[in-house]
Visitor: 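This is the structure I want to talk about, given as structure tokens.
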Amino acid sequence: MKMNENFFISKAIDPLPYESKWEAPSNIALIKYWGKKKLQIPKNPSLSFTLDKSVTRTSIRFEPSKSGKFNFKFFFNDSLKPDFDDKLHVFFDRIKKYVCWIINYELTIKSINTFPHSSGIASSASAMAALSLAIMDLESYLFNFEKNDFFFTKASFLARIGSGSASRSIKGPVTIWGDNRKISNSSDLYAIEFGKDLNSIFKSYQDIILLVDKESKNVSSTKGHDLMHSNPYAEKRFLQARRNCDSLIPIMKSGDLDAFIKIVELEALSLHAMMMTSNPYYILMKPNTLSIIEKLWDFRKGKNIPACFTMDAGANVHILYPSEYEKQMIPFIDQELSSFCKNKEYIVDQVGAGARKLD
Ligand code: DP6
């Protein structure tokens, strides 16, 4: 069933102490979200692989507020991190309408990431997803309901309000966020699972993340989305993304890897084309990004292995391939691609099942 915003507004209730810990994965988009209306309402649907090993683990201790005011403290890797307070304040202000019981609490939030800091993996997706799940955990305890579809859908809805791509980090192995005419229950408000029709080849896909650059980006994703408002190619890009999404849906069912590769690589390069045609223009790819792409294309042609690349808003390259090719791919990556990475570093990840509660 498709839910509208009113489904997600909860009642107020007296606070009870509670503690909850969740692990949520990062994700890599195959159809890219780039351009939005307010509060992360996307201009086009996006579709992603949920990752397995690149996760955020977040615990929240909820205490009834002694001062009668909402408050929180945020720790990252066991140190108090006030740098994140502004972003978190904005998030809590935005979600209060939907979880109004939260205003009676003081929160102690503790987070860690399993992937290296500034590795280019979008930590806001896994971080906002884990945070939203811990909040929903308390809501389900206070209002005594199961961790059912509504629970995860509302978690995705709250995560989206924190960061658009975070809506896709609740479930796995493949999720879709954004209205799509081919999938009747798809929504701009939250992500849904691709569903049972997903071809089994995609359930064990590998994602090797080549760390070309570990510096923080000189243009943030927030700014990048914003520049789409004045990009002269924006409307065409949203149309292209909608069409690519329509084309990818049957491919995710049939497992046609040649067709999969064409769409996934086109999406990655189209995303970066939008950056280069924004005003002011900018380039996040590095020379080594292009060297990796060329090497991969040569390898694919020579060996006939269906490996392809994608990128998010950065210089790093994700190499995607079915797990059965691991024996050929890992030596190729080690010997021919890792030299283009900072300190030869890369992350071996794969498609995962989604977030889970920790004890
Ligand atoms: C290139 O979700 O990070 O990774 O909604 O402003 O937080 P905000 O942006 P964000 O944008 C992600 C952009 C992307 C593509 C994608 O993940 O779909």
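Just follow the structure's listing: the first ligand is 1, and inside any ligand the first atom is 1. Heavy atoms only: backbone and side chains are in, while hydrogens, waters and symmetry mates are out.
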Visitor: What protein heavy atom sits nearest atom 7 (O) of ligand 1, and how far off is it?
Guide: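 Scanning the protein heavy atoms, the shortest distance from atom 7 (O) of ligand 1 goes to S163 OG, 2.6 Å.
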Visitor: For A313, counting its heavy atoms only, list the atoms of ligand 1 lying under 4.0 Å from any of them.
Guide: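 Answer for ligand 1: 1 (C).
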Visitor: Which option out of K32, M311, R168 puts a heavy atom nearest to atom 16 (C) of ligand 1?
Guide: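 The residue whose heavy atom sits nearest atom 16 (C) of ligand 1 is R168.
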Visitor: Which atoms from ligand 1 have a heavy atom of A29 less than 4.0 Å away?
Guide: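 Counting atoms of ligand 1 from 1, those under 4.0 Å from A29 are 16 (C), 17 (O), 18 (O).
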Visitor: Under the ring pair (Phe, Tyr, Trp, His ring centres under 6.0 Å) criterion, do F260 and Y205 qualify, and how do the steps go?
Guide: CA-CA 12 Å; F260 174 83; Y205 239 66; 5.5 Å; yes
Visitor: Among the clusters formed by ILVMFWY side chains lying less than 4.5 Å apart, do I251 and I183 turn up in the same one?
Guide: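 The answer is yes; both residues are in one hydrophobic cluster.
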Visitor: Can you tell me how the ring of F150 sits relative to the ring of F8, calling it parallel under 30°, perpendicular over 60° and tilted otherwise?
Guide: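 The arrangement is parallel - the two ring planes meet at less than 30°.
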Visitor: Distance-only, no hydrogens or angles: does the N113 side chain make a donor-acceptor pair with backbone N or O of S54 under 3.5 Å?
Guide: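 Flag not set: sc N113 to bb S54 has no pair under 3.5 Å.
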Visitor: With atoms numbered from 1 as shown, which atoms in ligand 1 lie under 4.0 angstrom from a non-hydrogen atom of D312?
Guide: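 Those qualifying, in numeric order: 4 (O).
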Visitor: To which protein heavy atom is atom 5 (O) of ligand 1 closest, and what is the distance rounded to 0.1 Å?
Guide: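 Looking at atom 5 (O) of ligand 1, the protein heavy atom closest to it is Y33 OH, 2.6 Å.
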Visitor: Heavy atoms only: which of H225, Q40, M274 lies closest to atom 9 (O) of ligand 1?
Guide: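 Checking each option, the heavy atom nearest atom 9 (O) of ligand 1 is found in H225.
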Visitor: Side chain or backbone, does S46 bring an N or O within less than 3.5 Å of an N or O on ligand 1?
Guide: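 So ligand 1 has no N or O lying under 3.5 Å from an N or O of S46.
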Visitor: Hey, which atoms in ligand 1 end up nearer than 4.0 Å to a heavy atom of K36?
Guide: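 The list of qualifying atoms is 5 (O), 6 (O), 8 (P).
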Visitor: Does the side chain of S126 pick up a donor-acceptor pair with the side chain of S26 at under 3.5 Å?
Guide: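 Short answer, no.
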Visitor: Take the angle between the ring planes of F332 and F299 and call it parallel below 30°, perpendicular above 60°, tilted in between.
Guide: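 Ring orientation, 0 to 90° scale: parallel.
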Visitor: Is there a continuous path of hydrophobic side-chain contacts, each under 4.5 Å between heavy atoms, that joins F49 to Y33?
Guide: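 No; Y33 is not reachable from F49 via cluster members.
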Visitor: Below 4.0 angstrom from a heavy atom of W34, which ligand 1 atoms are there? Numbered from 1 as shown, please.
Guide: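 Ligand 1 atoms under the 4.0 Å threshold to W34: 1 (C), 13 (C).
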Visitor: Around atom 2 (O) of ligand 1, find the nearest protein heavy atom and jot down its residue, atom name and distance.
Guide: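 Its nearest protein heavy-atom neighbour is S165 OG, 2.7 Å.
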Visitor: If you group Ile, Leu, Val, Met, Phe, Trp and Tyr whenever their side-chain heavy atoms sit less than 4.5 Å apart, what else falls in with L239?
Guide: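 Besides L239, the hydrophobic cluster comprises nothing; the residue is isolated.
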